[in-house]
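Structure first, then comments.
Treat the numbers as computed from the prediction; the structure is a model and nothing was measured. Below, chains carry the letters A, B, ... as their sequence lines are ordered, and counting in each starts from 1.
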There are 4 protein chains.
Amino acid sequence: MLDQGSRRRAELLGIAAQLFAEHGYRSTTVRDIAEAAGILSGSLYHHFDSKESIADEILSGFLDELFASYTEILAAGLKPRNAIEAVIIASFEAIDSHPHGVSIYQTETKHLAKLSRFDYLEHRNTEFRKLWTTMLSDGVRQGAFREDLDIEVVYRFIRDTVWVAVHWYNPNGSLPVGQVARQYLTIVLEGIAVRRRPAKRGSGT
Amino acid sequence: MLDQGSRRRAELLGIAAQLFAEHGYRSTTVRDIAEAAGILSGSLYHHFDSKESIADEILSGFLDELFASYTEILAAGLKPRNAIEAVIIASFEAIDSHPHGVSIYQTETKHLAKLSRFDYLEHRNTEFRKLWTTMLSDGVRQGAFREDLDIEVVYRFIRDTVWVAVHWYNPNGSLPVGQVARQYLTIVLEGIAVRRRPAKRGSGT
Amino acid sequence: MLDQGSRRRAELLGIAAQLFAEHGYRSTTVRDIAEAAGILSGSLYHHFDSKESIADEILSGFLDELFASYTEILAAGLKPRNAIEAVIIASFEAIDSHPHGVSIYQTETKHLAKLSRFDYLEHRNTEFRKLWTTMLSDGVRQGAFREDLDIEVVYRFIRDTVWVAVHWYNPNGSLPVGQVARQYLTIVLEGIAVRRRPAKRGSGT
Amino acid sequence: MLDQGSRRRAELLGIAAQLFAEHGYRSTTVRDIAEAAGILSGSLYHHFDSKESIADEILSGFLDELFASYTEILAAGLKPRNAIEAVIIASFEAIDSHPHGVSIYQTETKHLAKLSRFDYLEHRNTEFRKLWTTMLSDGVRQGAFREDLDIEVVYRFIRDTVWVAVHWYNPNGSLPVGQVARQYLTIVLEGIAVRRRPAKRGSGT
DNA sequence: TATGAATGAGAATTCATTCAT
DNA sequence: AATGAATGAATTCTCATTCAT
């Protein structure tokens, strides 16, 4: 339940997020944002301290939501494979509901993280890494994942794989999120190759 | 064999590429490049027309090399699975030899492609797409890859997966390129899950 | 006896005076004043026309009071030395009761006097000059002050000396105004040097 | 001996100093400075980092020179009264040679000192205070100055008295610096009143 | 080739002021 | 009286680019 003021703020944040996502943080001018909102650039400063603080609110808001959903999943105590599926689906849902946030997170993190006000980006990265490496090594220990995996490589692989989808996943397109998430999961979990060796499994040509 | 002039040019391009990769094209000023090269910003203009033309040379040079190696592989007429392996290995080798080029390509394409002088970025994208969807559908047709794959999704998945590795692959690190490429291939081709008894799946032709 | 409205006005003027004195007229924003008063900047405009008119009221109010006390002293027809003592004491009392007014008067006069609405600053300066040069030359004529004085220089000396005390005189500090005024008078009238044998000087009428 | 570049810098610093002194630091825009120098405002940044750094160079340059001359005087080991005369004359000479520096120092110190890059202003103040209180108490101890002086008050009196002269001393005017300094010294050392008590000294009416 | 001074367009930001509610 | 959203002009600063030397 937002009052008038917060609603306007949220609206402006949405406009800014879209522009940042589409043209990049640096290439989007404060004027662009104001114009898109139908006001003058100076008026933006009635709502926000600075361009940086706009990006800050977008990113921290998005990440807070995302990690809240991760925390919920972890609390459910699922088995590794199910947990990974749930986390990936939650991530794709974030792509669906916050495509701009994801995009900004992906593209701008490297540069913004240099500023101390964005230190939380680094912290979130650390949390994310812990989350995944724990799930993966639990999975290996419990026999759900292949023993020969290099956990670190797989973690990076998944981390990048998931978020990069924002570049082409179209929220208004034909494929619903759930389905895209499923396909990603299938590739990551099962690979794209036909199973050759185990003849009795009915695989092969 | 380069003459004095070209050698200096190449050197400057290398310096610029590193800065573009590290801080982004927009955030890197002409002065930054000149300073890193030990000259004044005005002096850069004896070597290059503009900042854009520096980025242009870096990107087109990198892409020309990359696609030359792809073309060679295609000409060899390998079987789909082997071809895909070769193309992925070639891509990782590009990451190894031109990390800055890859990084710039990845981060700045979206932005630079708006300028007509960078139209070739779009063309290369199209080529890349054709290359992969052809290899993938050939592979499915020949029974090397699972029939239930969504070629488009897998193409995008691989495209993003490969290049994104530049963010964490460290050319001077412990893992040699070849090995990283192998691990990527293993995940993509075989998946990370332990093969379960897929009898009821009824997969295969 | 002030009604509600005027009391609020006076309160706001006091807040503004303090901020102008502490941070300067230009550096103090209308928002700063409003915030210090616990209202929003737009609301200040229900009380005052403009930022300028706030400064105007502060300065003219302070100067009116000050010159009223001068006029009273002049009307008393004191001897030069006593008159000067009285005027200086009155000035120090103004520093005590209106430290912010004095500070603003001192720091901002030069700048504000360019605006026609502040023409009275110039007029007051002229009055002040007349007051002092008259007292001083009367004093010299009547043998109270040394004959070799350059009236103009002494006038400026005193003018600056008196007001500049606002920078360090602390209204809440240990020294009461009266005492500070006395010490100033001692220095100005008697000097800091020990009286040497001035026989050869041949001073006096 | 300045090279081309430093000469231009010095020239620009002089222009800026004059404007800062005349209109105040805040009221002088970077554009004003540039215009007065016959260039565009952006071009100023070829020479200086920021408006602040211009003020910084003006102030620190002026203060370095001033304190160098003080240090020389102290090193001469003069008697208190002579030392004070020398220091005051040196100060008036600074007013003569750097009127803008003095004016900026006087008017802007309070505001600029809030910025950490101007911490040296505070340090200089401390040095100045030590210089004067030492000279004054030495003088009292050696019988050159009156015993009943409040050193602190006299120090402040002199400090303010000296610099405030910049407001009306006109370097191109009729009175040479030396003479103005002398008159100031006479007032401060001897006072303006005719000596009354010591009848044999021939003072009084 | 290189310097260094300058351009000029445009960036983010500030702030006194207005005004409908 | 007060709010809060907005204006619009001005301000500091940035930066790719030019050009005489």
Problem set entry | Side-chain heavy-atom pair B:F118, B:T109 within 4.5 angstrom cut-off |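 No. Closest side-chain heavy atoms not under 4.5 Å.
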Problem set entry | Identified stems (criterion: three or more consecutive Watson-Crick or G-U pairs, under 3.5 Å), DNA chain F |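 If one scans DNA chain F for consecutive Watson-Crick or G-U pairs, the stems found are E:2-21 with F:2-21.
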Problem set entry | 5' precedence on DNA chain E between B:L12 and C:Y25 (nearest-nucleotide basis) |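 Between the two, 5'-proximity favours B:L12.
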Can you tell me how far [atom2] of [N] sits from [atom1] of [X], to the nearest Å?
| X | N | atom1 | atom2 | result |
| --- | --- | --- | --- | --- |
| C:K51 | E:dA16 | NZ | P | 4 Å |
| D:H23 | F:dT11 | NE2 | P | 13 Å |
| B:F48 | E:dA2 | CZ | C1' | 15 Å |
| A:E11 | F:dA5 | CD | P | 12 Å |
| D:E35 | E:dA6 | CD | C1' | 15 Å |
| D:R26 | F:dA10 | CZ | P | 16 Å |

Exercise. Mind checking what makes side-chain contact (heavy atoms from CB on, under 4.5 Å) contact with C:A21, not counting sequence neighbours?
Worked result: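 If we apply the side-chain contact (heavy atoms from CB on, under 4.5 Å) test to C:A21, skipping adjacent residues, the hits are C:H100, C:S103, C:I104.
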Problem set entry | Sequence-distant partners of B:H167, side-chain contact (heavy atoms from CB on, under 4.5 Å), two or more places apart |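 By the side-chain contact (heavy atoms from CB on, under 4.5 Å) rule, B:H167 matches B:Q106, B:V164.
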Respond yes when some side-chain nitrogen or oxygen of [X] is under 4.0 Å from OP1 or OP2 of [N], and no when none is.
| X | N | result |
| --- | --- | --- |
| D:Y45 | F:dC13 | yes |
| D:R9 | E:dA5 | no |
| B:R31 | F:dT17 | no |

What pairs of nitrogen or oxygen atoms, one from the protein and one from nucleotides 7-9 of chain E, lie under 3.5 Å apart?
residue, atom, partner, partner atom, Å
E:dT7, OP2, D:L40, N, 2.8
E:dT7, OP2, D:S43, OG, 3.1

Just to verify, what does [X] make a salt bridge (charged side-chain N to carboxylate O under 4.0 Å, His left out) with, not counting sequence neighbours?
| X | result |
| --- | --- |
| C:E57 | C:R9 |
| A:D49 | none |
| B:E122 | none |

Exercise. When you match D:S50 and B:D49 each to their closest nucleotide on DNA chain F, which lands nearer the 5' end?
Worked result: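 Nearest-nucleotide comparison on DNA chain F picks D:S50.
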For this session: Mind checking ring-ring contact (aromatic ring centres under 6.0 Å, His included) for D:Y25 and listing every partner two or more places apart, or none if nothing turns up?
Result: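 With neighbours one apart ignored, the set is D:F20.
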Exercise. Which residue pairs pass the side-chain hydrogen bond (donor to acceptor under 3.5 Å, both in side chains) test with at least one member in residues 30-44 of chain B, sequence neighbours excluded?
Worked result: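 Every side-chain hydrogen bond (donor to acceptor under 3.5 Å, both in side chains) pair that includes a residue of residues 30-44 of chain B, provided the two are not neighbours, is B:T29-B:D32.
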Exercise. Applying the side-chain hydrogen bond (donor to acceptor under 3.5 Å, both in side chains) test to B:Y120, which of B:D56, B:D64, B:N125 qualifies?
Worked result: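 Output: one option passes, namely B:D56.
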Exercise. Counting any heavy atom closer than 4.0 Å, what does A:S27 reach on the DNA or RNA strands: base, sugar-phosphate only, or nothing?
Worked result: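 Nothing, no heavy atom under 4.0 Å.
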For this session: Would you indicate what B:S53 reaches in the nucleic acid, counting non-hydrogen atoms under 4.0 angstrom: base, sugar-phosphate, or nothing?
Result: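 Contact class for B:S53: none.
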Problem set entry | Polar side-chain atom of B:K51 near backbone of B:T28 as donor-acceptor pair, under 3.5 Å |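 Flag set: sc B:K51 to bb B:T28 pair under 3.5 Å.
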Let's see if you can work this out: which of [options] has an atom nearest to the side-chain heavy atoms of [X]?
| X | options | result |
| --- | --- | --- |
| B:T29 | F:dC15, E:dC15, E:dA2 | F:dC15 |
| C:H47 | F:dT17, F:dC15, F:dA2 | F:dA2 |
| B:V30 | F:dA16, F:dC13, E:dT17 | F:dA16 |

